[in-house]
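Quick notes on the structure that follows.
From a predicted model like this one, the values you see are computed outputs, not experimental measurements.
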Amino acid sequence: QYSEAIPIIDIVLSKKTNSIHITDISYISLASSTATIVVQGVSVTRDALVNFKKSLEDSNSFINIDLPISNLAKDRDIKFSMTMVSNVKI
């Protein structure tokens with residue numbers, strides 16, 4: 001299952017900028033073609049976090065990206081947890 005997660009994790013990591021610090025990535029295989037990914041970390045600014053989410057959406061590799069609005073309450077040094085479903089064929 002680890003080898004199945006690598007392409008999906010690579011996509012997540014390729015979309016982050018220096019303003020996004022990822023502290024944890026969890027991968028849960030749901031079916032033969034989808035998986036749930038939870039990304040946790042700290043964003044230097046709110047804009048960086050919003051742009052990270054937008055970049056993941058624009059990749060067309062994920063569906064249903066959930067970034068709780070409470071994660072956007074602060075302007076700086078934002079701890080976040082983002083949950084998404086991958087539509088990358090595994």
Side-chain angles (χ1 to χ4, degrees):
Q1 192 172 6
Y2 176 76
S3 63
E4 296 172 353
I6 292 173
I8 297 166
I9 292 170
D10 283 346
I11 293 167
V12 171
L13 295 177
S14 74
K15 300 302 177 184
K16 82 168 210 60
T17 64
N18 290 337
S19 296
I20 300 291
H21 306 283
I22 294 175
T23 57
D24 188 59
I25 298 178
S26 300
Y27 171 90
I28 304 158
S29 182
L30 296 176
S32 61
S33 62
T34 63
T36 295
I37 299 92
V38 178
V39 178
Q40 295 177 317
V42 178
S43 177
V44 173
T45 66
R46 181 188 302 135
D47 285 343
L49 183 54
V50 169
N51 289 335
F52 179 48
K53 179 181 186 251
K54 176 91 170 95
S55 182
L56 291 168
E57 290 170 338
D58 290 347
S59 76
N60 294 320
S61 298
F62 304 97
I63 53 176
N64 192 27
I65 298 175
D66 180 37
L67 177 64
I69 195 79
S70 60
N71 288 189
L72 301 174
K74 292 175 59 180
D75 288 333
R76 302 188 59 76
D77 301 322
I78 303 162
K79 290 184 180 179
F80 69 89
S81 180
M82 189 181 310
T83 304
M84 61 199 91
V85 176
S86 169
N87 60 6
V88 173
K89 296 292 182 205
I90 299 170

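No donor-acceptor pair closer than 3.5 Å links the side chain of Ser55 to the backbone N or O of Phe52. No donor-acceptor pair under 3.5 Å is formed between the side chain of Thr36 and the backbone N or O of Ile28.
Taking both residues in full, the closest heavy atoms of Ser86 and Phe62 are given as CA-CD2, 3.8 Å, listed atom of the first, atom of the second, then distance. Residue Ser43 comes nearest to Ile20 through the heavy atom pair OG-CD1, 3.4 Å, listed as atom of the first residue, atom of the second, then distance. Closest of all the heavy-atom pairs between Ala48 and Ser19 is CB-CB, 3.6 Å. Of all the heavy atoms in Ser59 and Ile11, the pair that sits closest is OG-CG2, 4.2 Å.
No more than 12 heavy atoms of other residues, nucleotides or ligands shown are found within 6.0 angstrom of CG on Asn18.
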Ile8 and Ile37: CA distance, side-chain angles, deciding distance, side chain to side chain contact (heavy atoms under 4.5 Å, CB included) verdict: CA-CA 9 Å; Ile8 297 166; Ile37 299 92; 3.5 Å; yes

For residues 72-81, tabulate all N or O donor-acceptor pairs below 3.5 Å that involve a side-chain atom, not counting sequence neighbours.
unit_1, atom_1, unit_2, atom_2, d
Lys74, NZ, Asp77, O, 3.1
Asp75, OD1, Arg46, NH1, 3.0
Asp75, OD1, Arg46, NH2, 2.4

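Summarising the geometry, atom CG belonging to Leu49 is positioned 5.0 Å from atom CG belonging to Leu67; distances are rounded to the nearest 0.5 Å. Here Gln40 contributes atom CD and Ile22 contributes atom CD1; the two are 11.0 Å apart, rounded to the nearest 0.5 Å. The structure places CD of Glu57 at 12.0 Å from NZ of Lys15, a figure rounded to the nearest 0.5 Å. Here CG of Asn60 is found 7.5 Å from CG of Asn87. Values are rounded to the nearest 0.5 Å. Atom NZ in Lys16 sits 12.0 Å away from atom CG in Leu56 (nearest 0.5 Å).
Put simply, Ile63 and Val38 are part of two different groups of oily side chains (I, L, V, M, F, W, Y) that touch within less than 4.5 Å, one to the next. Leu13 and Val42 are members of different hydrophobic clusters when ILVMFWY side chains are connected at heavy-atom separations under 4.5 Å.
Between Met84 and Val39 there is a side-chain heavy-atom pair separated by less than 4.5 Å.
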